[in-house]
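I have placed the structure first, in the form of structure tokens, so that the comments after it can refer back to it.
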Amino acid sequence: WTNASPAQTGMKITRDNGCDGSFDVTIYDDAANNDTSPTTTAAGLSVNTCYDYLIQTYNADGAINSSTVAAATSTITTPPGQPQNVTADSVTVEQIVWNWDDVSGADTFTIYNNADGSLIAETADSTSGYTQTGLSGDTQYCILVRAKSTANGQGIASTSVCTYTQADIPTGLGHSAQTGSSITWSWTDNGQTDFLARDKNNPLDTSGVIGTNSWAQTSLATNTAYTL
């Protein structure tokens, strides 16, 4: 604010929680001194709530200016609250479906890359979810979500949530070195580092987690077809 000219001797600053005309919270009150501008009065506020501030002045006799014309008021409404329970509910090689709880007062949501703070997207409405597409396989993605009000701005960000996309599938699956009791299977990796091979018709017959591009399936029956 700008002080009166000539300057007032003192001032009183009060706050009306909920904009109901009560001005029941005193921020500053000194008939002989003035608060400095700007001053911080935001402690203990609630989200998505209207606040009205009233500044009144004291003269040299210590009398407060009670005129509604001379009093300076400023009305603000705080932004929506922090999105809660952000989760990755559906993950594939190339996309992640993120969801979170509804936030009162939100018109849209903004989604940010937690690594560098860049904006990924803004939802078209207050729907509490977003599908992130065009991603790489077997890669970690971390986001933050903020609720946004067209009139009152953005609230604080959610906690960071991370997930990995699924690994791409191997290609070039083939077999060699068949004997009466074994088959050696091999494949080409696409950036993966570990694999789990499994007999399609016998889920209990697996390679376990292996770091190689081949598996020797043993203890097989003769003259029998096997599928991996």
Side-chain angles (χ1 to χ4, degrees), residues 1-3 11-30 34-57 64-91 95-135 140-163:
W1 62 85
T2 300
N3 288 330
M11 65 168 45
K12 181 179 182 180
I13 305 173
T14 53
R15 186 176 71 214
D16 172 9
N17 294 348
C19 297
D20 58 4
S22 61
F23 292 101
D24 52 352
V25 178
T26 299
I27 306 299
Y28 182 88
D29 190 7
D30 191 332
N34 294 313
D35 198 6
T36 56
S37 176
T39 187
T40 301
T41 63
L45 303 185
S46 300
V47 299
N48 200 38
T49 302
C50 179
Y51 293 93
D52 214 357
Y53 290 85
L54 173 66
I55 299 178
Q56 297 170 286
T57 57
I64 195 166
N65 187 337
S66 59
S67 169
T68 56
V69 176
T73 60
S74 178
T75 301
I76 62 170
T77 300
T78 51
Q82 180 187 43
Q84 302 291 324
N85 299 318
V86 180
T87 56
D89 290 335
S90 178
V91 181
Q95 75 173 33
I96 301 170
V97 178
W98 303 97
N99 287 296
W100 50 87
D101 294 344
D102 292 339
V103 177
S104 177
D107 295 315
T108 61
F109 292 91
T110 48
I111 299 92
Y112 293 88
N113 183 338
N114 185 55
D116 59 14
S118 61
L119 177 66
I120 296 173
E122 181 173 349
T123 62
D125 52 31
S126 60
T127 300
S128 52
Y130 169 70
T131 301
Q132 188 177 8
T133 60
L135 308 180
Q140 186 183 55
Y141 292 88
C142 301
I143 67 164
L144 299 168
V145 182
R146 299 177 70 181
K148 182 178 179 180
S149 164
T150 302
N152 306 314
Q154 295 192 107
I156 62 174
S158 68
T159 55
S160 173
V161 177
C162 301
T163 193

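Note that the coordinates shown come from a computational prediction; the quantities given were computed from them, not determined experimentally.
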Open item on the list: Pair Ile120, Tyr130 - check side chain to side chain contact (heavy atoms under 4.5 Å, CB included), show working.
Closed with: CA-CA 10 Å; Ile120 296 173; Tyr130 169 70; 3.8 Å; yes
Any idea which heavy atoms bring [X] and [Y] closest together, and the distance?
X	Y	value
Pro80	Gly153	CD-O, 3.5 Å
Gly155	Pro79	N-CB, 3.6 Å
Pro83	Ser158	O-CB, 3.4 Å
Ile96	Ala88	CG2-CB, 3.8 Å
Ser128	Asp102	OG-OD1, 2.7 Å
Phe109	Ser126	CE1-O, 3.3 Å

Side-chain contact, heavy-atom cut-off 4.5 Å: [X] with [Y]?
X	Y	result
Tyr112	Leu119	yes
Leu135	Tyr141	yes
Trp100	Val161	no

Task: Of Thr159, Asp101, Ile143, Ile111, the residue whose pairing with Val86 passes side chain to side chain contact (heavy atoms under 4.5 Å, CB included) - done: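 Result: among Thr159, Asp101, Ile143, Ile111, Ile143 is the only option passing the side chain to side chain contact (heavy atoms under 4.5 Å, CB included) with Val86.
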- [ ] Among Val25, Asp35, Asp29, find the residue that satisfies the side chain to side chain contact (heavy atoms under 4.5 Å, CB included) test when tested with Ile13.
- [x]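 In the set Val25, Asp35, Asp29, the residue that makes a side chain to side chain contact (heavy atoms under 4.5 Å, CB included) with Ile13 is Asp35.
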Once rounded to the nearest 0.5 Å, what's the spacing between atom [atom1] of [X] and atom [atom2] of [Y]?
X	Y	atom1	atom2	value
Lys12	Ile27	NZ	CD1	11.5 Å
Asn99	Thr87	CG	OG1	5.5 Å
Tyr28	Asn34	OH	CG	6.5 Å
Asp89	Thr163	CG	OG1	10.0 Å
Asn114	Gln140	CG	CD	9.5 Å
Thr131	Trp98	OG1	CH2	11.5 Å

Task: Met11/Trp1 under side chain to side chain contact (heavy atoms under 4.5 Å, CB included): CA gap, chis, key distance, verdict - done: CA-CA 12 Å; Met11 65 168 45; Trp1 62 85; 3.5 Å; yes
Open item on the list: Quick check against the 3.5 Å criterion: does Asp52 have a side-chain atom that pairs as donor or acceptor with the backbone of Cys19?
Closed with: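 Checking the backbone N and O of Cys19 against the side chain of Asp52, no donor-acceptor pair under 3.5 Å is found.
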Task: Selection residues 112-126 - residue pairs positive for salt bridge (Lys or Arg N to Asp or Glu O under 4.0 Å), sequence neighbours left out - done: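 Only Glu122-Lys148 qualify under salt bridge (Lys or Arg N to Asp or Glu O under 4.0 Å).
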Open item on the list: For Ala157, give me all partners under side-chain contact (heavy atoms from CB on, under 4.5 Å), at least two apart in sequence or on another chain.
Closed with: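 side-chain contact (heavy atoms from CB on, under 4.5 Å) check on Ala157 returns Leu144, Arg146.
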Task: Qualifying residues under side-chain contact (heavy atoms from CB on, under 4.5 Å), relative to Thr78, sequence neighbours excluded - done: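 With sequence neighbours excluded, Thr78 shows a side-chain contact (heavy atoms from CB on, under 4.5 Å) to Leu45, Thr49, Tyr51, given in chain and number order.
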